[in-house]
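A short worksheet on the structure shown next.
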There are 2 protein chains.
Amino acid sequence: MDWSIQEIAKIAGTTSRTLRHYDDIGLLKPSRTGHNGYRHYDGPALVQLQRILLLRELGLGLPAIAEVLNRETDTVKALSSHLDWLAQEQDRLTRQIASVRQTIDTMKGDGKYMAQDMFDGFDHTQYKDEVEERWGKDAYAASDSWWRGMSADEKQQWKDRVQKLGSDWISTAESGVSPDSDEAQDLARRHVEWLSGIPGTPTAAPGGDVKGYVTGLGEMYVADPRFAANYGGESGATFVRDALRIYAEQNL
Amino acid sequence: MDWSIQEIAKIAGTTSRTLRHYDDIGLLKPSRTGHNGYRHYDGPALVQLQRILLLRELGLGLPAIAEVLNRETDTVKALSSHLDWLAQEQDRLTRQIASVRQTIDTMKGDGKYMAQDMFDGFDHTQYKDEVEERWGKDAYAASDSWWRGMSADEKQQWKDRVQKLGSDWISTAESGVSPDSDEAQDLARRHVEWLSGIPGTPTAAPGGDVKGYVTGLGEMYVADPRFAANYGGESGATFVRDALRIYAEQNL
DNA sequence: GTAGAGGTTGACGCTACGTCAAGGTCAAGG
DNA sequence: CCTTGACCTTGACGTAGCGTCAACCTCTAC
């Protein structure tokens, strides 16, 4: 019962490189080392190796296996906590699969998630869950079907308009004028006008709290960096927010 | 629309280190680099970054993301093949979880999988599925309950006997005698005698194909390195097989 | 002038080995 | 004795995606 490194590797169904690695990290030392440096393994070593490989197949890490072999940890305990980890992983995978499916579906059905390209700046339909949470399911459904119903040409026009509005905001903010300046207030007017083009938003009709909606939106631009980014970051968004609030209080 | 590396990192919800990494591997270059080496990012860069992070959350690797961004691969196609991979992973995890559960159960109920320690050499109950496949469920159930019913002392005795038999085989094989020598044939007799002590094995009673069983077992010792290991590897197992075949033909 | 905040480029660390590379050892054969 | 070939050895790099120092600029503010 004395095998060379190749022999025991074949017997146990692994490679000599693996055995050298286990030797390096102290997981499994050869039972004997020849004067020429050759590694030799005996029966007990083979048993150890097989236990290692068994645990490895179950997904345990080498440090965890070492603990088990050194009696520092009960095998059952090690496997149990490993099982917890596996369950978590499975959960994560399940959720990730759902996300990928969802993404594929929406990209196939329409370029909703491609909105980063098409909608560019502000996209109420881009963040489905959040829109629903903030303004209700109806608002989302309305703007969603509205967007789906547009032709590619119309979408492009809309996109251009959004981009123009965004860049105007940024240049205005950077010009140093105050949010209550005529320029800023004119932009605020354009902004509200633009918003009114999106179905599902409150209107001036009875019961529609346009004022609260617009000011709330401004706060969100500042609070959410994804929106803030469209207006030149936090400082730009702050400018937009202030301008919108002033406009809302004076005109809505 | 011009952010420093920290700013855009915060906006996009990642770290500056990540952005530097993406720059290094060419996934996302800064839109501008200052005379001082500082990285600066603009709006389009932010959009790219957000797409990258979205795909990353879905689990795509950076090379795959790069392909998508470079229009080399359709996003839907990339996500679909990624989905396949995810499904495989989930499968693997599910099977692994089952294995771990099984192992924990058997280790709790009795040290069946600990058999590597206790049974040492030959353990028909160690490889449940294979035993069942080769010799039927009855054989497994019989030898299993038999083993469970033994006291620790009896188990130890059995273990010693197995080990003695194994080492005798090895030393005999290494001594250079032929498989039909008296010594080898005596060992074969002991081996068959030993086998007959395990419930579930064929007997000399009518209908029991002891001869076929013994020769088949010998073949398995050679074919399966896990068993071969108990007899000094493939060469040793070959010797055992030959001796057993000769013994079976002459005596069974 | 000097903090202090933020930027830069290395370079190591992590998981578990695969994969060369360069060079000894050993048994068999010319 | 020399060669061949199979097998052994010790490095050391590569892998995926950054985290985490380390050592050293740069710019603003007091």
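Per chain, numbering begins at 1; letters A, B, ... match sequence-line order.
For the OP1/OP2 pair of D/dC8 and a distance below 4.0 Å, the side-chain nitrogens and oxygens of A/Gln6 include at least one atom meeting the criterion.
Note on B/Pro30: nothing from the nucleic acid sits closer than 4.0 angstrom, heavy atoms only. As judged by a 4.0 angstrom heavy-atom cut-off over every strand, B/Leu62 is placed among residues touching the sugar-phosphate backbone only. If you check every strand for non-hydrogen atoms under 4.0 Å, B/Ser16 touches nothing. Residue contacts shown for A/Thr15 are limited to sugar-phosphate atoms, with no base heavy atom under 4.0 Å away.
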Checking salt bridge (charged side-chain N to carboxylate O under 4.0 Å, His left out) for the pair A/Asp91/A/Arg95: CA distance, chi angles, key distance, verdict?
CA-CA 6 Å; A/Asp91 236 54; A/Arg95 284 198 308 269; 3.4 Å; yes
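Take the nearest nucleotide of DNA chain D for B/Asn36 and for B/Pro63: the residue whose nucleotide is more 5' is B/Pro63. When each of B/Tyr22 and A/Arg17 is assigned the nucleotide of DNA chain D with its nearest heavy atom, A/Arg17 is the one assigned upstream, toward the 5' end.
Closest contact between the side chain of B/Tyr38 and the listed nucleotides C/dC17, D/dT26, D/dC18 involves D/dT26. Each of D/dC18, C/dG18, C/dG7 was ranked by its minimum atom distance to the side chain of A/Thr18; first place goes to C/dG18.
In summary, B/Lys10 and B/Glu7 do not engage in a salt bridge, as defined by a charged side-chain N under 4.0 Å from a carboxylate O.
With rounding to the nearest 0.5 angstrom, the OG atom of A/Ser80 is 7.5 Å from the CG atom of A/Asp84.
Under 3.5 Å, the side chain of B/Arg20 and the base of C/dT9 form no donor-acceptor pair of N or O atoms.
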